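Everything on this sheet refers to the single structure shown next.
None of the values given here were measured: they were computed from a predicted structure. Every chain is numbered from 1, with letters handed out A, B, ... down the list of sequences.
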Amino acid sequence: MLTLNLIREKRDFVIERLKIKNFDAAPLVDRVLELDLRRRETQKESDALLAEQNKISKEIGMLIKSGDSAGAESARAKTASLKEESRRLAEKLAALDEELRTELVKIPNLPHASVNPGKGAEDNFKVREGGTAVELPADALPHWELIKKYGIIDFELGIKLTGAGFPVYKGKGAKLERALINFFLDEGEKAGYLEILPPIVVNEDSGFGTGQLPDKEGQMYHVTADNFYLIPTAEVPVTNIYRDVILNSEDLPVKNMGYTPCFRREAGSWGAHVRGLNRLHQFDKVEIVQIAHPEHSYEALEEMVSHVEGLVRKLDLPYRIMRLCGGDMSFTSALTYDFEVWSGAQKRWLEVSSVSNFESFQANRLKCRFREKGEKQNRLVHTLNGSALALPRIVAAILENNQTKEGIRIPEVLVKYTGFGIID
RNA sequence: GGAGAAAUGGCAGAGUGGUCGAAUGCGGCGGUCUUGAAAACCGUUGUCCCGAUACCUCGGGACCGGGGGUUCGAAUCCCUCUUUCUCCGCCA
């Protein structure tokens, strides 16, 4: 959510910047400004009326104390019409407030100055690439065949237990999953992130805090009996820790990470290109989150990008880093880098991480602020997060790229976690 | 799941209808004293919204777990939800 101040002071700038995201903000922005104006006028009226009532009430108190019951009675009579009017104004104010907020949350975050215009994935800017190209024989198998061949991940069993998109990991498949999680967490700890093991169901407030609600409701599994939501990412609980929190500037940056299973309904987004592990309803992910000082958030973003780059390098996967264009960016992001790894048998790039700076957009919703030493005014923090990493596509790439006649070779760094060097 | 008690500022803890945004203590910040520090003493100390502004502040409004109600007036009374504690039941 953008701050009202920004929209008030820089209307044209906001509209101009959002064109980069292919978003025509003018009607919404003007609607917001109009509602804001009406809201402030209404509050002014309402406050004046309340002030008068407060004054009379105090007078009544004093009249009663001095024994002037007739005076008190006549003062009391004056309040009836005031009360009626201020009740009406309070309702109007609440309605305007709600409408204003409803419109305000529809405006996307402004893209950072470095973001290129563009329509979609084809316009993303390749920042750099790395790793060594894989050369597989012509009869190399895609991962959905490999997992059957070695009996390590069972989709049919998942369908029996739950439904499509809920695979069952078995034996070395389960161990590989666990190894990756531990590897990612250990690397994160070395980079200074505090491990958080949060609840994986959250309440409505948390859903609102990080922006999944009210719009992306259909993407989350909803536990209706208790009105909880299964988290689509650890970002939700880990970031909501700081909802309604005022930090001290010397506590910044806060660096947290969390491993959680993630649940996504992915309604209507299935097809041939999302076979096997490419898209799931439940998957594992380690997420890194930073709460940063506004003046240092882009340094934090670079730091996070190089952390994620270190992970794919250590796993020896060919990768590229893309800076998303305006049209491919999420609603909430100011700048996003996507990591893609090369999947040798599918012969395509798979997105495995998305690292973003949300600047104060998320913080404004969360009401997460910080206090600068010696300053009176609290300011909004900047929030950032990134996958480090999402497991299924990493598993897919490892299985495909490392297949040999003898079996699937486990990357060197993982062997101490798996306890075996080959899946055969 | 059943019965009872409770929820107040960063923390502890007063306050049961009227100058209460809230005593007091601790903590924090500033100062005096000191070579420095501690102690002592003095001062200060929440958040949000609206308005004014000579940018130092000033005025108004809201907030005592959340929501609703009674009243001229609510931290205080009533309803409701949530959470915590104690006892019972159940349980990994």
Side-chain angles (χ1 to χ4, degrees), chain A residues 1-9 32-105 197-209 213 223-229 237 240-252 254 360 362-381:
Chain A
M1 187 165 74
L2 293 177
T3 60
L4 260 176
N5 261 338
L6 179 74
I7 297 173
R8 262 185 226 152
E9 286 163 19
V32 161
L33 287 174
E34 185 214 331
L35 285 166
D36 175 49
L37 199 68
R38 282 172 57 199
R39 204 203 118 256
R40 283 186 289 162
E41 277 168 3
T42 308
Q43 181 174 352
K44 224 162 111 182
E45 248 182 288
S46 172
D47 280 359
L49 215 55
L50 286 173
E52 197 179 341
Q53 283 179 74
N54 287 342
K55 204 177 112 216
I56 294 174
S57 286
K58 277 182 184 165
E59 282 167 11
I60 291 175
M62 285 187 283
L63 287 170
I64 289 173
K65 231 174 221 169
S66 67
D68 182 358
S69 57
E73 206 48 54
S74 75
R76 199 173 296 184
K78 283 196 286 185
T79 62
S81 62
L82 289 178
K83 240 182 124 175
E84 187 54 42
E85 178 67 2
S86 69
R87 184 184 290 259
R88 194 186 63 79
L89 281 172
E91 274 168 21
K92 188 175 164 191
L93 190 59
L96 282 169
D97 253 333
E98 206 191 314
E99 206 181 340
L100 178 58
R101 198 187 152 81
T102 305
E103 298 301 318
L104 196 54
V105 299
L197 188 61
I200 58 174
V201 292
V202 293
N203 59 28
E204 234 175 16
D205 285 346
S206 294
F208 276 104
L213 296 174
V223 183
T224 50
D226 298 291
N227 199 22
F228 291 150
Y229 292 87
N240 268 284
I241 293 172
Y242 300 93
R243 170 156 46 85
D244 293 318
V245 167
I246 300 174
L247 293 154
N248 291 314
S249 60
E250 59 261 37
D251 297 330
L252 301 175
V254 173
S360 62
Q362 212 171 37
N364 191 31
R365 239 179 203 250
L366 286 164
K367 297 276 169 288
C368 178
R369 290 153 294 171
F370 75 100
R371 208 187 316 266
E372 194 89 68
K373 228 187 167 98
E375 274 182 32
K376 287 186 178 164
Q377 192 71 37
N378 295 321
R379 290 163 66 192
L380 292 169
V381 297

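- Only the C1' atoms considered, B:U86 is 31 Å distant from B:G17, to the nearest whole Å.
- B:G36 and B:G31: their P atoms are spaced 13 Å apart (whole Å).
- If you check B:G61, B:U19, B:G18 against the side chain of A:Asn54, the one that comes closest is B:G61.
- Side-chain nitrogen and oxygen atoms of A:Arg371 include at least one within less than 4.0 Å of the OP1 or OP2 phosphate oxygen of B:U47.
- Nucleotide B:G89 is matched to nothing when pairs are restricted to Watson-Crick or G-U wobble geometry with both distances under 3.5 angstrom.
- To the nearest 0.5 Å, the span separating CZ on A:Arg371 from CG on A:Leu252 amounts to 12.0 Å.
- Ranking B:U19, B:C72, B:C50 by closeness to the A:Ile60 side chain, first place goes to B:C72.
- Rounded to whole Å, the distance from NZ on A:Lys44 to C1' on B:A52 is 10 Å.
- Here B:U47 is the nucleotide among B:U47, B:G18, B:G51 with the atom lying nearest to any side-chain atom of A:Asn378.
- A:Glu85 has a carboxylate O that lies under 4.0 Å from a charged side-chain N of A:Arg88, or vice versa, which qualifies the two as a salt bridge.
- Between the side chain of A:Thr42 and the main chain of A:Arg38, a donor-acceptor pair closer than 3.5 Å is present.
- Nearer the 5' end of RNA chain B, as judged by each residue's closest nucleotide, is the contact made by A:Met62, out of A:Arg76 and A:Met62.
- Residue A:Thr79 is classed as a sugar-phosphate contact, given heavy-atom separations below 4.0 Å to backbone atoms only.
- Among the nucleotides B:A62, B:C50, B:G18, the one closest to the side chain of A:Leu50 is B:A62.
- Using a 4.0 Å heavy-atom criterion, one finds that A:Lys58 contacts no nucleic acid atom at all.
- Comparing B:A75 with B:C20, their C1' atoms sit 8 Å apart, to the nearest whole Å.
- Each of A:Ala80 and A:Lys367 has a nearest nucleotide on RNA chain B; the 5'-most of these lies closest to A:Lys367.
- Comparing B:U47, B:G51, B:G18 by their closest approach to the side chain of A:Arg40 singles out B:G51.
- Checking B:C48 for Watson-Crick or G-U wobble geometry (two distances, each under 3.5 Å) identifies B:G61 as its partner.
- To the nearest angstrom, C1' of B:G10 lies 14 Å from CD of A:Glu250.
- Taking atom P in both B:G59 and B:G67, one finds a spacing of 28 Å when rounded to whole Å.
- In this structure B:A54 sits in no base pair that meets the Watson-Crick or G-U test at under 3.5 Å.
- Closest approach to the A:Ile64 side chain among B:C72, B:G60, B:U47 is made by B:C72 (side chain taken as heavy atoms from C-beta onward).
- In this structure, CZ on A:Arg365 lies 13.0 Å from OG on A:Ser360, to the nearest 0.5 angstrom.
- With B:G18, B:G69, B:C50 as the candidates, the nucleotide lying closest to the side chain of A:Arg87 is B:G69.
- Side chains of A:Leu100 and A:Leu4 form a contact here, defined as non-hydrogen atoms less than 4.5 Å apart.
- Nearest nucleotide to the A:Arg8 side chain, out of B:G46, B:U19, B:C50: B:C50.
- Contact annotation for A:Ala75: no contact, since no heavy-atom pair falls under 4.0 Å across all strands.
- In this structure, of B:G60, B:G18, B:C48, it is B:G60 that holds the atom nearest to the side chain of A:Gln43.
- Looking at heavy atoms from C-beta onward, A:Glu99 lies out of side-chain contact with A:Arg39 at the 4.5 angstrom threshold.
- Between A:Arg39 atom CZ and B:A62 atom P the separation is 15 Å, expressed in whole Å.
- Across B:C64 and B:A6, the matching C1' atoms stand 15 Å from one another, rounded to whole Å.
- Although no hydrogens or angles enter the test, the distance criterion places a donor-acceptor pair under 3.5 Å between the side chain of A:Asn240 and the main chain of A:Ser206.
- Under the Watson-Crick or G-U wobble criterion, with both distances below 3.5 Å, B:A5 is paired with B:U84.
- Between A:Ile56 atom CD1 and B:U71 atom P there is a gap of 17 Å when expressed in whole angstrom units.
- Shown here, B:A14 forms no base pair; nothing in the strands shown gives a Watson-Crick or G-U wobble contact with both key distances under 3.5 Å.
- Spacing of P atoms, B:U44 relative to B:C48, comes out at 22 Å, to the nearest Å.
- Both distances falling under 3.5 Å, in either a Watson-Crick or a G-U wobble arrangement, occur for no nucleotide opposite B:U70.
- The distance between atom NZ of A:Lys83 and atom C1' of B:C72, rounded to the nearest whole Å, is 7 Å.
- Between A:Arg40 and A:Asp36 there is a salt bridge, since a side-chain N of the basic residue sits under 4.0 Å from a carboxylate O of the acidic one.
- Side-chain N/O atoms of A:Asp47 and base N/O atoms of B:G61 include no donor-acceptor pair closer than 3.5 Å.
- Using Watson-Crick or G-U wobble geometry with both donor-acceptor distances under 3.5 Å, B:U35 finds no partner in any strand shown.
- Nucleotides B:G65 and B:A23 are separated by 16 Å at their P atoms, to the nearest Å.
- Across the C1' atoms, B:U82 and B:G66 are found 7 Å apart, a figure rounded to whole Å.
- A 3.5 Å limit on both hydrogen-bonding distances identifies B:G43 as the Watson-Crick or G-U partner of B:C29.
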